[in-house]
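A quick write-up on the structure given underneath.
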Amino acid sequence: MKFKISISIQISIFLLILIFIPIASMMALHTYENQQLSMMESSNVQQGRLVAASLFCPEKISSDEAVALLKNMDGNFDARIRVLDKSGALIADSSTVENDFENENSQASQTQLSVREMNYDSAVNKNSEKSNSDASENFIYRLLSIPVRIYRSYFKRPYALKYDSAEFYINKNIYDGEEVLAALEGRYGSATRISYGGQRSVTLYSALPVYNSLKEVCGVVLVSKSTYKILLNLYELRLDLGKIFLWSLGALFLIALFLNFRISYPLKKLSRQTVECADKKGTVRFEDFTGKKRRDEIGQLSRSFSELVKKLNKRIHFADAFSADISHEFKNPLAAIRNCADILGNPKIPENQKEEFRQAISEEVSRLEQLLNGIRTISKLDASEEENEFYLPVNVCLENTLNRLKKNYPQTRINCNSSEKTSGVKLNLAEEPFVRMVENFVDNAASFGDRIIISSDITENKKTKFYSLSVEDNGKGIEPEEIEKIFNRFYSNRTDSEKQNHSGLGLSIVKAVVENSEGKILVEKSTVLGGAKFTVLFPVMNEKNLKNK
């Protein structure tokens, strides 16, 4: 399935996924809460075990000893500790160790004790209630907890329905909770009840049996502690995570805005420019795209588009100029052939004149064939897109070509000087274009002089080694203002009579061969013969390619 989603939307989706990382961390708070509860229960058990071990007695627990023990602890405990006898009656309570315990069975004392029991946890945590209000009543906390409160209201029963209230032991003379009964049977007992005193928390109860010297259960140590502090810590953690979430949301919004202006918007603009850069007729309107100066992938893409459009524009101009040049060059021979044909159709023309017109037609046809061959060669070189690896042994090819050309130009003195450095050199160039290039150089030089010197050597720069081929003649040379023109198609500075045997495409073909091989061509005056000197440079095949060959 293919989805058409813009880059800006994809970035936004990705950033939204990142936003849920702080939210996902909130899910770990459940594990944190369970660990805290487990540690709290373990702490209760350890404190209960210490008290139970300290209350070891021959037969039964003494209330005076139990009260004295709790007083001697001097408040160095973080839970409420109560000591029960083997019947479950309360004989000592860490929350009332400062009172006279002799009247504990009176109604007034029991009522006072009950009131203190109800307010014990609130008194212990009274310094933390402000923090609770600050965290749970914070606007950010309440705002971010709306989904949780909705879920609890409609999909989850309140946790208060699952547990008894911590008021279970208030106004009771005998403690008969399930945890106490388990301890009286010699087992560890535990229970969880909803805290009182207005706290939204639970209280953990741990009951441990006390043994006498006969290894009989003679009492129970009941340790209880509210989870209120854990709840406060969770409130603060949730609030901190909520603040991190909001800060992350703001930061991600700014990042999304930045990426939209730095990535999405430039790409849209670049796409629009590529559509508008050419009209319906294919005429290129502009070549520069937005973001060319950027040093990132968008800038690289923009520069690539600009380079592509420049090449296309150059290709279009080449095709237009080429067709115009062909039309112009073909016009004269065709007009001459038509005129001669019309004259030959006249019966009054003498036979000897008809032969002259037939000869003229034949010459114009030959000229057209020569033009067509040159055009075919240039088109073939210009349209070549294949990147084949050629390994031309240049010295052997040059020697064979010059031996044949010396026979074709017997009245021209052709000398060849090859450096020993060129021995064994190979070029990434096909034989046919190389031979055609040498032939055109020699033909061009022979038409202006009768002496030609061809020399080859190896030149190097810091990165590349080049094969250098120079062709010099003793002709009239080339004026500086004509150097750029001589490589144009159909251009020639010859006289009209000299143009009959030259199409004006020779040096154009040479230029096409050199450019297709990523070479260079230089034009200067010959210091030896005084005429023109053409030098071409071709990159030499490196040793790695030759070994692979």
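Position 1 is the first residue of the sequence, and the numbers go up from there. Since this is a predicted model, take the numbers as computed values, not measurements.
- With 3.5 Å as the limit, one finds a donor-acceptor pair spanning the side chains of Asp457 and Ser419.
- Taking both residues in full, the closest heavy atoms of Ala446 and Ile452 are given as N-CD1, 3.9 Å, listed atom of the first, atom of the second, then distance.
- Under a 3.5 Å cut-off, the side chain of Ser306 and the backbone N or O of Ser302 do form a donor-acceptor pair.
- Arg295 places no side-chain N or O within 3.5 Å of a backbone atom of Gln300 that could act as its donor or acceptor partner.
- Proximity of a side-chain donor or acceptor of Asp443 to a complementary backbone N or O of Glu439 within less than 3.5 Å is not detected.
- The six-membered or imidazole ring of Phe466 lies away from that of Phe538, with a centre-to-centre distance of 6.0 Å or more.
- Side-chain atoms of Thr401 come within 3.5 Å of backbone atoms of Cys397 as a donor-acceptor pair (strictly under, hydrogens ignored).
- The backbone N or O of Val396 lies less than 3.5 Å from a partner atom in the side chain of Asn400, making a donor-acceptor pair.
- Salt-bridge formation is not detected for the pair Glu472/Arg451: no Lys NZ or Arg NE/NH1/NH2 atom is positioned less than 4.0 Å from an Asp or Glu carboxylate oxygen.
- The backbone N or O of Asp473 lies less than 3.5 Å from no partner atom in the side chain of Ser526, so there is not a single donor-acceptor pair.
- Using modelled atom types, one finds a donor on one side chain and an acceptor on the other under 3.5 Å when comparing Thr535 with Ser470.
- Looking at Leu469, Val540, Leu427 one by one, the single match for side-chain contact (heavy atoms from CB on, under 4.5 Å) with Val394 turns out to be Leu427.
- A heavy-atom distance below 4.5 Å is not found between the side chains of Phe448 and Asn474.
- Tyr409 and Asp450 form no side-chain donor-acceptor contact under 3.5 Å, judged by distance and modelled atom types alone.
- In terms of modelled atom types and a separation under 3.5 Å, the side chain of Asn395 and the main chain of Thr422 share a donor-acceptor contact.
- Val425 and Lys421 make their closest contact through CG2-O, 3.5 Å (heavy atoms, listed as atom of the first residue, atom of the second, distance).
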>> Before you tell me yes or no, could you show the steps for Ser468 and Thr459 under side chain to side chain donor-acceptor pair (under 3.5 Å), namely the whole-Å CA-CA distance, both residues' side-chain angles and the distance that decides it to 0.1 Å?
In response: CA-CA 7 Å; Ser468 171; Thr459 60; 5.5 Å; no

